[in-house]
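Report on the structure given below.
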Amino acid sequence: MKTGISVFVATLVALGASWCGFVLLPLLQFGGAKQTVVLQSTDTWPVQRTGAATLGLQAYRANGCVACHTEQVRQTGVACELTLTSLGVQKPADFKDFTRSLFVLPELAAYTNALTASLNGWNGGLPQTLLTSADKDLIAEMADRLKAVGVKSETRIVSTGADVARGWGPRQSVAVDYLYDQPVQLGSLRAGPDLANIGVRSPDANWQLQHLYAPKSVVANSTMPSFKFLFEVRKIVAAPSSDALNLPKEFAAADGFEVVPTPEAKQLVAYLLSLKANMPLYEAPFTPVTAAK
Amino acid sequence: MNPTENQSFCPDERDASLRVPLLALFGGAALWLIVGLGLGLIAGIKFHAPDFLGGCPLLTYGRLAPAANDAILYGFCIPAALGVALWIFARLSQAPLALPLVPVVAAHLWHLGVFIGTATILLGGSTGQTWLEYPRAAAVLLFAAFFLIAVSAAATFGWRRERSLYPSHWFLFAGLLWFPWIYSTANLLLNCNQPPRGIVQPIIGWWFANNLVFVWLALMGVGIAFYLLPKIAARPLANSGYVLFSFLTLMFFGTWCGIPQGAPVPAWLPTVSIVAAALTLVPLIAILMVAVKTVCGACVSCQGGPFCYLNFGLMSFLASGLLYVSAACPQYSRILEFTWFGAAQTQLQLLGFAAMILFGAIYELMPSVMGRPLPLPKFAKLHFWLAMLGVLLFVVPLLLAGVVQGKHLADATVPFADVNIAALKFLRISATGQLLLLLGALLFAANIFLMTLQWKVGLIKTVIAYIKSPLATTEVKS
C-alpha cells in the first residue's frame, strides 16, 4: 500500500464484492418476485391490501411501531401429528389394547411414553391426537397399521418452535409474505409481541382500537404507550357516535364526552387486521387446523 | 512517515486553515450529541412510564428512538469523524487543508440535513428503514455535504508535501470512499418512488446498516486511533504488516456481515453472513495486537486525558466486535435475535467505540488547532469518567436484559407480558447510564462552545485593536 491508487483499488474490490453479493444478487434473485400459490388450493398468496389497510401501513411506519414489534415468525422445524378421525367398528377399549400391542415394535420404542399418556387421557371422543412431534416415516407406518384394522386417521404437518407455540403463527414467515409491503417493516426487537398474525389472533377491530387508545384497559401489564393522539375526545351532541369507544370507567372520557377514532386510527387497525400469514406455502408447509375435522 | 516526526513546515498556516471547518463540524456535532442523548433518555423513560408525555405525537417512542439513534450517528459520529479525518489528512500531508472553505459550507449543509431529518422523523415522516429514516431532502443534503468534505480531503491528500502513505491514510481513505457508495445505493434503491418489492428492501437495509455502523465506523475509528496512539505514546506504530492485514481483512470480511440468522430469506444470505462474522475475528485480533504492541511499555499517564479515551474506545471496539460475531453464531442468535442484545451492541459501537475515540481525538487536536489550551481542562477529565461509567451502565444492563429476554422468549410457557417485565429492571439501570452520558456530552459541548467563543472574542479584539491602533508616523507626515 505504497500509493493512493493501490489503496483505492483494494477498497474498490473489497467493498464492491459485498455490493455485488448483498445488493445486486438479491435484486436479481427476488427483484421480479411474484405471487405464489397456496398449497392444495388455487388461491394466490399474498393478497393485495385494501385501501384503508394500505394507508394504515403508513400510519404504522410514521409512528415507528417497528421499533418494538416484529412481523416475522420463526420456526425450528416441522413435525408430524397423527389424529384419529374414526374408529370404524372398533371400541375405544379395544383400540387401546391394539395400540399397546404395537409397543413391541422397535421403531415405536421412543414413543411409548407419549402414546401411553395420550391413550390414558382419552375418553373415547374424536378426533383425538395420538402422536405429536414424530418422524414422518413412523407416522406413515402407524397410519398404515391403523388402516389395516379399519381405523381412520389423519396425518398433519405442524411447525415447531417457541413462536408457533406462543400462537404467533402456524408457520414461519417467508420472503414472499412481504411482497406488497411498502416499506417492509420486519422489525428487530420484540419489546411487544410479534404482529405477523395479529389479524388472525385479535380480529376484533373494536378491541384493537381500545388497545391503541388505552393499552392497559385490555392488557393489564402492557408497556405499550397510549396512542391517544390518534383519537378525538369530543362532546356528545344529541346522540353518541356509533364509532365511539366503549371504554371501562377508569379509562373513559368525562361525562358528556366520547372518544372517537380518527381516520388514521381506523386505517392503522385495518392494517393490523390485514396482517395474516396463515396460508400453507410450498416453502413453509403445514396442515391447516380446519382440515382435521 | 511517522506522525511523531518534527513538522518542518509552518504549522501555524495549517492550523489556521483547519480552524473554521473544524469548529463548524464539531460545534454542530456537540449539539446533536446532546439532542440525540436527550431524546434517547426520554425514550428510555417511556419504557417505565409509557404515558410520560404520551399526548404528544412528536414524542411517541417509535419516533423518538430512531430520531435519537440517527442524531447520535449522523449528527455526532459522522461529522466529528470527518473533522478529525481532515485534521489527520492535513497533518500527514504536512500541508494546510486544501479548499478550506468547502468543508465549512459542507458542515453547515450536513447539520441542516440532520436537522431536517430529525424534525421529519418526529413529525412522522420517517421512511421506516432502519438507519435510513431521513427523508429524501435530508439524504441529498447529507450526501452533498459528505462529497464536498471528501473532495477537500482528497485535494489535501493530492497536494501533500510528505509523499509516503501512513496506515491511517488507508483506513480513512476507504471510509471516505465507502460512505457515499453505501449511502447513495441505499437511498436510491429504498428511498425512491419505485423501491424493489418485498424482501429485497430489508436485505439492502441490513447490508447498509452493517456497512455503516460496523464497517464504516470501524474504518474511521481505527484509522484515527492508529494515528493518535503512536503520537501520544511517542512510539512508532507496531508491525505495519499486521496493520495492512487487518485493513484488508476488515474490508473483505466485515462488509459481508449483517444478515440476521433467522431472517425470512433464502438460506444462502444468512449463511454467508455467519461465515463472514466468524472471519471478522481475524481483523479484530490483528487490530488489538497492533494497538497493544504500540502502547505497551510507553510512559504515558492516562488521568482522563485523550489517551484514556482512545484506550477505552479500542476496548469497546473489541467488545462490540466480539458481541457482533457471537450474535451471528447460530446457536446464540436463535436466543438473542429480537432482543435488547442487538440494540446494546449497536450502542456500544456508537457510544463506547466511535464516540470515545472521537472525544479523545477532539480533546487532543483542539488545543493545537486553536492555538490555545482547552478552556475547561477539568471538564474534559470529568467527561471521561462520566462517559466511561455512562457507557458501562447503559450497555451492560441492556446486554443482560437481552439474554434474559431471549431465554424467556424461547420458552413458550413464559407468558409474553412476563418476558417484558423481566427486562424492565435492567432498562432502569440503562436509563441512569443515559443520564450520565448526557451530562458528559454537556461538559464536552461546554468546552467546544467556550473555545469557539474565546476564539471569536479574540478575533473581534484583534480587529478592534487594528482599528484603534495609532497610524504609523510615516503616514501622518505625508
Side-chain angles (χ1 to χ4, degrees), chain A residues 1-4 7-8 10-12 14-15 17-19 21-23 26-27 29-31 33 61-68 70 72 74 162 165-166 172-193 215 219 221-229, chain B residues 46-47 50-51 54-57 60-63 65-66 124-130 157 165 169-170 173-174 177-178 181 185 195-204 207 211 244 248 251-252 255-256 259 262 264-266 269 272 338-340 342-343 409-412 416-417 420-421 424:
Chain A
M1 293 287 166
K2 294 263 165 59
T3 63
V7 179
F8 182 77
T11 311
L12 209 65
L15 306 179
S18 99
W19 184 85
F22 281 172
V23 177
L27 270 175
Q29 193 180 354
F30 323 108
R61 166 192 63 73
N63 292 306
C65 306
V66 71
C68 296
T70 54
Q72 39 179 336
R74 299 172 300 177
R166 280 181 190 281
Q172 67 179 352
S173 301
V174 290
V176 74
D177 289 341
Y178 308 96
L179 195 60
Y180 292 129
D181 293 6
Q182 169 47 34
V184 177
Q185 300 281 279
L186 279 183
S188 60
L189 176 66
R190 282 178 177 167
V219 182
N221 44 10
S222 169
T223 49
M224 185 170 112
S226 155
F227 288 84
K228 283 199 167 82
F229 54 86
Chain B
K46 284 193 162 240
F47 255 92
D51 291 329
C56 180
T60 191
Y61 180 83
R63 299 187 190 183
S126 144
T127 67
Q129 310 279 1
T130 316
F157 178 73
L165 292 194
H169 272 131
W170 315 334
F173 205 80
L177 191 70
W178 197 213
W181 191 343
T185 297
R197 286 207 290 181
I199 202 70
V200 188
Q201 289 179 24
I203 295 173
I204 296 171
W207 171 80
N211 276 294
L244 178 60
L248 291 176
M251 282 201 306
F252 273 96
T255 50
W256 290 86
I259 310 279
V265 293
L269 285 158
V272 169
F338 306 144
T339 69
W340 288 103
L409 269 178
D411 180 0
F416 184 76
N420 238 344
I421 304 291
L424 276 186

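Note that this is a predicted model, so its numbers are computed, not measured. Lettering follows sequence order; numbering is per chain, from 1.
- Here the side chains of A:L189 and B:F338 are not in contact, with every heavy-atom distance at 4.5 Å or above.
- Side-chain N or O atoms of A:R61 include none that pairs as donor or acceptor with a backbone N or O of B:T127 at under 3.5 Å.
- Only the side chain of B:P195 comes within contact range of chain A, judged by heavy atoms closer than 4.5 Å.
- Interface residue B:F173: only side-chain heavy atoms are found under 4.5 Å from chain A.
- In terms of heavy-atom proximity, B:C56 sits nearest to A:F229 at C-CD2, 4.2 Å.
- Interface residue B:N211: only side-chain heavy atoms are found under 4.5 Å from chain A.
- A heavy-atom distance below 4.5 Å is not found between the side chains of B:Y61 and A:M224.
- Here CG of A:L186 is found 9.0 Å from OG1 of B:T130. Values are rounded to the nearest 0.5 Å.
- The two residues A:Q29 and B:P266 make their nearest non-hydrogen contact at NE2-CG, 4.0 Å.
- The shortest heavy-atom contact between A:Y178 and B:P264 is CE1-CG, 3.7 Å.
- Heavy atoms of A:V174 lying under 4.5 Å from chain B belong exclusively to its backbone.
- Once rounded to the nearest 0.5 Å, the distance linking CZ of A:R190 with CZ of B:F416 reads 8.0 Å.
- With a 4.5 angstrom heavy-atom cutoff, B:L409 touches chain A via backbone and side-chain atoms both.
- Considering only heavy-atom pairs separated by less than 4.5 Å from chain A, the leading option among B:H169, B:R197, B:Q129 is B:R197.
- By number of non-hydrogen pairs under 4.5 angstrom with chain B, the leading residue of A:G64, A:P26, A:S18 is A:S18.
- Chosen from A:V23, A:L12, A:V176, the residue pairing most often with chain B at heavy-atom distances under 4.5 Å is A:V23.
- Nearest heavy-atom pair, B:L165 versus A:G4, reported as atom, atom and distance to 0.1 Å: CD1-N, 3.8 Å.
- Counting only heavy atoms from C-beta outward, the side chains of B:T60 and A:F227 approach each other to under 4.5 Å.
- Using a 4.5 Å cut-off between heavy atoms, A:R74 touches chain B through its side chain atoms alone.
- For the atom pair CG of A:L27 and CD1 of B:I203, the computed distance is 8.5 Å after rounding to the nearest 0.5 Å.
- In terms of non-hydrogen atom pairs under 4.5 Å with chain B, the most contact-rich of A:S188, A:C65, A:G187, A:P215 is A:S188.
- Ring orientation note: the planes of B:W181 and A:W19 are tilted relative to one another, at an angle of 30° to 60°.
- Nearest heavy-atom pair across B:Q201 and A:V184 is OE1-N, 3.0 Å.
- The part of A:Q185 that comes within reach of chain B is its side chain, from C-beta onward, which places non-hydrogen atoms under 4.5 angstrom from that chain.
- Between A:P225 and B:P50, the shortest heavy-atom contact is CB-O, 3.5 Å.
- At least one donor-acceptor pair closer than 3.5 Å links the side chain of B:R63 to the backbone N or O of A:A62.
- Chain A forms the most heavy-atom pairs under 4.5 Å with one residue out of B:V265, B:L177, B:I204, B:D51, and that residue is B:L177.
- Ranked by heavy-atom pairs under 4.5 Å with chain B, the first of A:C68, A:A67, A:A14 is A:A14.
- Residues B:N420 and A:T223 bring a donor and an acceptor atom of their side chains to less than 3.5 Å of each other.
- With respect to chain B, the highest number of heavy-atom pairs below 4.5 Å among A:A33, A:G31, A:A165, A:P193 belongs to A:P193.
- No hydrogens or angles considered: nothing links the side chains of B:W178 and A:T11 as a donor-acceptor pair under 3.5 Å.
- Contact of A:N221 with chain B is made through backbone and side chain together, with heavy-atom distances under 4.5 Å.
- Ranked by heavy-atom pairs under 4.5 Å with chain B, the list A:L15, A:V219, A:L179, A:T70 is led by A:L15.
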